[in-house]
Asks: 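Let me begin by handing over the structure; questions about it come next.
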Number of protein chains: 2
Amino acid sequence: MTEKVGVTSYDVARRAGVSQSAVSRAFRQGASVAPATRARIVEAAQALGYEPNAIAQGLITKRSNLVAIIISNLTNLYYPEVLAELTQRLSQHGVRVLLFSLAAESDVEEVLGQVWRYRVDGAIVAARLSTEQLSAFANRGVPLVLYNRIGEGVPVASVCCDSDLGERALVDGLVQAGHRRFGIIGGPADSYVGEERANAAINRLAHHGLKAEFVRGQFDYESGGEGLKTLMARTDNQLDALICVNDLMAIGAMDTARNIIGRKVPGELSITGFDGVSPATWEAYQLTTIRQPVRRMTQAAVAMLLERIESPDISPEQRVFAGELLSGRSARLL
Amino acid sequence: MTEKVGVTSYDVARRAGVSQSAVSRAFRQGASVAPATRARIVEAAQALGYEPNAIAQGLITKRSNLVAIIISNLTNLYYPEVLAELTQRLSQHGVRVLLFSLAAESDVEEVLGQVWRYRVDGAIVAARLSTEQLSAFANRGVPLVLYNRIGEGVPVASVCCDSDLGERALVDGLVQAGHRRFGIIGGPADSYVGEERANAAINRLAHHGLKAEFVRGQFDYESGGEGLKTLMARTDNQLDALICVNDLMAIGAMDTARNIIGRKVPGELSITGFDGVSPATWEAYQLTTIRQPVRRMTQAAVAMLLERIESPDISPEQRVFAGELLSGRSARLL
DNA sequence: CTGTTAGCGCGTTCAA
DNA sequence: TTGAACGCGCTAACAG
């Protein structure tokens with residue numbers, strides 16, 4: 001049972017007294033091998049510590065069983081859950097994950113270069129891709145599924161959480177509960193979900209004949225506090241509802257409201273988030289937010305990708321999932 | 001410039017009017033190619049959209065430039081940061097990351113099977129490995145670096161954050177500030193860091209002639225609250241200091257202390273954590289904890305791994321880093 | 001059912 | 001400096 005390095009199918013063949021191709025077949029599903037032969041081969045393989053070389057397999061079958069996952073900012077607090085789900089689901093289907101995490105958006109080009117070289121079977125991307133980059137996937141025949149993004153200008157398969165539905169639920173609840181002076185903390189201008197959610201909120205407020213003050217944040221804790229301060233200054237401290245496009249900023253805003261500015265939440269100021277990350281449910285926050293159905297979304301992403309790997313010509317499809325309203329206690333809703 | 005699929009070095013060779021091996025050389029460092037020829041080749045490659053096939057390269061050079069990262073629970077709130085750092089650092093060295101995330105510890109065996117098949121050049125592991133599993137790496141000649149774990153019984157390269165130093169700083173501070181009734185919330189029995197930190201705290205308390213009540217948690221938010229309740233019940237509500245072996249449980253305990261049990265923190269109860277995750281620094285918590293030097297640790301892990309890939313016979317080394325005491329405001333220290 | 005043969009795309013001798 | 005030839009470890013026809 002001494003496992004050794006570099007055991008090949010030839011070594012196994014020799015020990016089992018068969019040909020190399022017999023060994024190959026013995027390790028493939030439903031290949032024609034006599035049960036007795038297969039048994040001898042498996043035994044020999046075990047004794048030698050043989051592990052089929054996936055690299056060599058990939059070279060010849062043109063299927064690496066590798067999928068690239070590209071995520072811009074892993075530290076987002078929301079992505080770890082997504083990443084864990086994705087890798088585990090892919091794993092169940094015999095697919096390995098090649099992970100690329102971007103320090104800066106400008107690293108995308110370099111990352112894509114690596115993606116091509118490894119001949120991945122497909123990719124799941126939660127980062128901003130240019131039209132050219134999107135077409136590069138198409139040209140190379142690499143199936144692609146975008147996560148919480150859509151192909152701008154180019155049709156691409158994607159899974160998203162519905163920003164309109166989500167913000168609508170929050171805005172309607174806030175308006176009906178009597179809030180009138182709204183503030184919104186958006187994301188960086190180059191963030192797709194950030195813009196989506198902010199616009200959704202603005203549009204829904206307009207539908208009620210209301211306007212809102214708007215500032216941008218960076219999706220992080222600090223942005224929440226700073227955004228709130230800015231908005232308060234701009235509105236003469238008259239803000240009574242703050243809509244943040246993600247939970248982390250909402251949490252930062254709550255802390256600032258309570259501990260720095262001295263506003264009761266939700267008594268004097270209602271605050272909402274988006275995502276449903278775990279800290280949102282902590283006692284100290286009980287955030288009113290929209291929880292993304294991560295499990296269903298990741299499941300869909302994986303399913304879509306695998307489908308496209310099997311049948312590359314399936315037409316692009318967008319799957320948009322409704323989030324769940326977590327009433328929480330950071331906002332007065334009706 | 002129409003990128004096409006499956007462009008090989010032969011295609012480039014034909015277009016540039018050279019041999020395939022010339023193309024190969026043109027893409028390698030310091031191979032002997034006439035500048036003029038290289039230029040022609042590069043041009044042809046560009047025109048065809050040629051990307052060297054890393055799979056084929058790996059097959060022949062026996063270097064996949066792939067490193068496996070195995071992490072048990074990605075949702076730990078502490079690991080995302082580690083993972084992002086690791087992948088980015090490895091990326092800078094031209095190494096790709098094959099990510100494996102475990103749903104259950106029992107998945108390790110299966111994961112290792114995949115690791116062998118992909119002929120990774122090395123692995124960084126933050127999960128519990130048995131002695132046999134550790135030797136499997138050695139037998140197969142796959143360099144291994146453990147993260148926040150050590151090889152129990154087998155010498156293995158590893159990077160850790162010093163539990164003794166960390167807990168000593170916390171315990172000493174608490175004792176000197178007058179705390180006497182201690183409680184400890186540990187991790188699951190099978191967690192290495194959990195046991196390390198709990199034992200470190202217990203030993204240091206013993207050094208001061210003090211004992212502590214002990215319960216186990218699961219490293220999650222809920223465990224903190226439940227652990228605190230259990231300890232309170234056991235001590236007739238006399239607890240005045242609670243040591244949690246990670247931040248998340250400390251945060252859970254703080255919320256429970258303040259909002260459920262009605263104890264002022266740190267006025268009536270001091271609470272400490274370990275890790276230094278970002279929520280620990282949030283206004284609402286300002287946790288007193290030990291921050292792991294993640295950047296230095298990941299840098300060390302990557303450096304150690306790359307060294308061992310270059311020179312497989314380097315002897316195992318443990319690098320233990322001191323954490324930084326974040327005084328915070330959740331505990332009265334001196 | 002089994003063995004023989006021919007590549008997959010590339011790096012690497014070895015002569016020229 | 002360049003090209004011809006070989007082989008990495010394996011799968012996939014194709015005969016037998």
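A, B, ... follow the sequence lines: proteins, then strands. Residue 1 opens every chain.
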Asks: Could you give the CD1-to-P distance, from A/Ile60 to C/dC10, as a whole number of Å?
Replies: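 One finds 15 Å between P of C/dC10 and CD1 of A/Ile60, rounded.
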
Asks: Between P on C/dC10 and CD1 on A/Ile55, what's the gap in Å once rounded to a whole number?
Replies: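 Checked: the CD1 to P distance equals 14 Å.
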
Asks: State whether A/Ser19 places a side-chain N or O below 4.0 Å from either non-bridging phosphate oxygen (OP1 or OP2) of C/dT4.
Replies: no

Asks: How many whole angstroms separate atom CZ of B/Arg119 from atom P of C/dC10?
Replies: 21 Å

Asks: Given side-chain contact (heavy atoms from CB on, under 4.5 Å), test A/Leu129 with A/Val156 step by step and report yes or no.
Replies: CA-CA 11 Å; A/Leu129 296 183; A/Val156 184; over 6 Å; no

Asks: Using the side chain to side chain donor-acceptor pair (under 3.5 Å) rule, take A/Gln133 and A/Ser130 through it: C-alpha gap first, then chi angles, then the decisive distance, then the call.
Replies: CA-CA 5 Å; A/Gln133 289 163 342; A/Ser130 69; 3.3 Å; yes

Asks: Provide, to the nearest angstrom, the distance between the OH atom belonging to A/Tyr10 and the P atom belonging to C/dT4.
Replies: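 Taking OH of A/Tyr10 and P of C/dT4, I get 10 Å after rounding.
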
Asks: Within the 4.0 Å heavy-atom criterion, would you say B/Ser24 contacts the bases, only the backbone, or no part of the nucleic acid?
Replies: base

Asks: Tell me whether the rings of A/Tyr50 and A/Phe27 are parallel (<30°), tilted (30 to 60°) or perpendicular (>60°).
Replies: perpendicular

Asks: Could you tell me whether the side chain of B/Arg308 and the main chain of B/Ser315 form a donor-acceptor pair under 3.5 Å?
Replies: yes

Asks: Give a yes/no on whether any side-chain N or O of B/Lys62 is located under 4.0 angstrom from OP1 or OP2 of C/dG11.
Replies: no

Asks: So B/Thr8, base contact, sugar-phosphate only, or nothing? Heavy-atom distance under 4.0 Å.
Replies: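 Sugar-phosphate only.
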
Asks: Hey, which of A/Leu66, A/Val125, A/Val108, A/Ile70 is the one that makes side-chain contact (heavy atoms from CB on, under 4.5 Å) with A/Val115?
Replies: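 When A/Leu66, A/Val125, A/Val108, A/Ile70 are each tested with A/Val115, the side-chain contact (heavy atoms from CB on, under 4.5 Å) holds only for A/Ile70.
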
Asks: Can you work out whether B/Ser21 or A/Ser21 has the more 5'-proximal nearest nucleotide on DNA chain D?
Replies: B/Ser21

Asks: Which part of the nucleic acid does A/Tyr50 contact within heavy-atom distance under 4.0 Å: base, sugar-phosphate only, or nothing?
Replies: sugar-phosphate

Asks: Output, in order, the C-alpha distance, side-chain angles, deciding distance and verdict of side-chain contact (heavy atoms from CB on, under 4.5 Å) for B/Leu98 and B/Val120.
Replies: CA-CA 8 Å; B/Leu98 213 47; B/Val120 298; 4.0 Å; yes

Asks: Report yes or no: do A/Asn148 and A/Gln292 form a side-chain donor-acceptor pair below 3.5 Å?
Replies: yes

Asks: When you list every nucleotide of DNA chain D with an atom under 4.0 Å from a heavy atom of chain B, which one comes first 5' to 3', and which comes last?
Replies: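 Contact span on the strand: D/dT1 to D/dG9.
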
Asks: If you check the A/Ala34 side chain, which of C/dC1, C/dC10, C/dG3 turns out closest?
Replies: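 Of the options given, the side chain of A/Ala34 lies nearest C/dC1.
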
Asks: Distance criterion of 3.5 Å, no angle test: do you see the side chain of A/Arg25 paired donor-to-acceptor with the base of C/dG3?
Replies: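 Answer yes: a donor N or O sits under 3.5 Å from an acceptor.
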
Asks: Angle between the two end axes of the helix from C/dC1-D/dG16 to C/dA16-D/dT1, five base pairs per end, rounded to 10 degrees?
Replies: 40°

Asks: Got a salt bridge between A/Arg38 and A/Glu43, using NZ or NE/NH1/NH2 to carboxylate O under 4.0 Å?
Replies: no

Asks: Without decimals, in angstroms, what is the distance between A/Tyr118 OH and C/dC10 P?
Replies: 14 Å

Asks: With heavy atoms under 4.0 Å as the rule, sort B/Ser32 into base, sugar-phosphate or nothing.
Replies: base

Asks: Can you sort out the partners of B/Phe137 under ring pair (Phe, Tyr, Trp, His ring centres under 6.0 Å), two or more places apart, ordered by chain and number?
Replies: B/Trp116

Asks: Between B/Phe27 (CZ) and C/dG11 (P), how many Å, whole number?
Replies: 10 Å

Asks: On DNA chain C, nearest-nucleotide positions of B/Val23 versus A/Ala22: which is more 5'?
Replies: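 Residue closer to the 5' terminus by nearest nucleotide: A/Ala22.
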
Asks: Using a cut-off of strictly less than 4.0 Å, decide whether B/Gln57 has a side-chain nitrogen or oxygen near OP1 or OP2 of C/dC10.
Replies: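 No, no such contact exists.
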
Asks: Can you name the closest pair of heavy atoms from B/Ala16 and B/Ala44 and give their distance?
Replies: CB-CB, 3.9 Å

